[in-house]
Amino acid sequence: MAGARRSLLGSWLCLGVLLGPLLSAVLALEPITTAVAIAAVSALTGYLSYPRFYCGRLVECCEENAYNSTAFQEDLGNKLFGQHLAHDVIFRAITGFMNNENPKKPLALSLHGWTGTGKNFVSKLIAENIQEKGMNSKYVHLFVSTMHFPHNNLIHLYKDQIQSWIRGNVSSCPRSIFIFDEMDKLHQGLIDTIKPFLDYYEQIDGVSYRKAIFIFLSNAGGDVINKVVLESGKRREDLELQDLEPVLSVQLFNNKDSGFWHSSLIDKNLIDFYVPFLPLEHRHVKQCVMAELRHRGKMPNEELASRLANEMTYFPKNTRMFF
Ligand SMILES: *[C@@H]1O[C@H](CO)[C@@H](O)[C@H](O)[C@H]1NC(C)=O
Ligand SMILES: *[C@@H]1O[C@H](CO)[C@@H](O)[C@H](O)[C@H]1NC(C)=O
């Protein structure tokens with residue numbers, strides 16, 4: 001599973017899945033700057049007596065609340081491009097939830113938009129801001145429908161696994177994060193299995209799930225989001241949540257193909273926030289490449305960024321919108 005995590009979300013900033021391999025390929029052709037190795041070993045013995053250091057370096061401890069809203073806001077501002085709506089909603093949702101000592105239910109976010117718009121990337125940012133090791137934390141769990149639950153004849157096995165994993169992990173760390181990718185491909189039976197964990201129960205069999213975070217990713221609704229962006233007549237920066245919410249909810253309630261939306265997750269209001277991801281434009285992909293170059297300690301290179309952004313597919317051609 002660790003391998004899957006790394007290849008999906010990598011060390012890489014925005015637009016990971018699509019742009020990452022391309023940029024890596026280009027960089028591989030250029031002289032490589034040697035990374036500076038940090039000698040951690042020498043300091044080891046001294047740190048063992050301090051719980052904080054002990055936790056960070058050798059053994060990961062469950063973070064009760066290490067969330068820093070200023071840092072998260074900065075992260076979103078510096079690394080997420082072209083998604084002002086997602087930025088606002090997610091910042092509000094996470095900050096409100098983390099500042100609430102006594103939430104009545106776990107936080108459930110549903111992220112919608114086409115592949116490559118930043119849904120996985122934002123999940124990674126959230127994870128990093130709540131558990132220090134981010135996606136590599138043992139308290140952050142990523143499930144990809146087609147990878148982890150591919151066989152319909154094994155649904156019973158998967159159900160048992162999901163239940164015992166969620167229970168086991170939340171028991172050992174209330175601030176566990178569960179990310180379900182490809183939600184639109186998840187079997188209805190498995191959705192029903194997750195449902196009780198999202199509800200307003202004080203506890204189930206002695207375990208409280210109220211501090212956990214569930215993030216659902218899907219392409220469902222991506223096409224209507226794109227349509228609104230193209231046809232609203234507003235500048236994209238002026239789009240508001242109200243412009244998207246009505247069409248998005250109609251689409252999600254009525255679309256027979258997106259299994260998720262039949263389920264009582266929606267009926268019972270178990271999802272706290274629906275987050276739309278807009279299709280990206282050429283300039284956003286470019287910003288993203290520039291940020292990635294800085295992150296990798298390379299000189300920001302406008303021309304390289306432009307070249308890579310050109311490689312991506314845009315539709316319709318004249319608006320250079322990225323899907
Ligand atoms: C929160 O993050 C900001 C920005 O990164 C930093 O300046 C500040 O010291 C942090 N606060 C705490 C309490 O760690
Ligand atoms: C926590 O979840 C992982 C899957 O992400 C699973 O392999 C592990 O067994 C779970 N731990 C417990 C204590 O249930």
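These numbers come from a predicted model, not from an experiment. Numbering of ligands and ligand atoms starts at 1, following listing order.
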Without hydrogens or angle criteria, can the side chains of Asn219 and Asp184 be said to hold a donor-acceptor pair below 3.5 Å? no
Going by atom types only, do Gln83 and His284 share a side-chain donor-acceptor pair under 3.5 Å? no
In terms of relative ring orientation, are Phe149 and Tyr158 parallel, tilted or perpendicular, with 30° and 60° separating the classes? perpendicular
Classify the side-chain pair Glu60/Ser137 by whether it contains a donor and acceptor separated by less than 3.5 Å. yes
Relative to the heavy atoms of Gly168, which atoms of ligand 2 are at a distance of less than 4.0 Å? 12 (C), 13 (C), 14 (O)
Under the criterion salt bridge (Lys or Arg N to Asp or Glu O under 4.0 Å), which of Arg92, Lys104, Lys105 is the partner of Asp272? Lys105
Ligand 2 contact on Ser172 by region, counting heavy-atom pairs under 4.0 Å: neither
If you compare all heavy atoms of Ile179 against all heavy atoms of Ser123, which two are closest, and at what distance to 0.1 Å? CD1-CB, 3.8 Å
What are the atoms of ligand 2, with element, lying closer than 4.0 Å to any heavy atom of Ser164? 14 (O)
Residues in contact with ligand 1, criterion: heavy atom under 4.0 Å: Asn68, Ala71, Glu74
Report the relative orientation of the aromatic rings in Phe180 and Phe214; use parallel for angles under 30°, tilted for 30 to 60°, perpendicular for over 60°. parallel
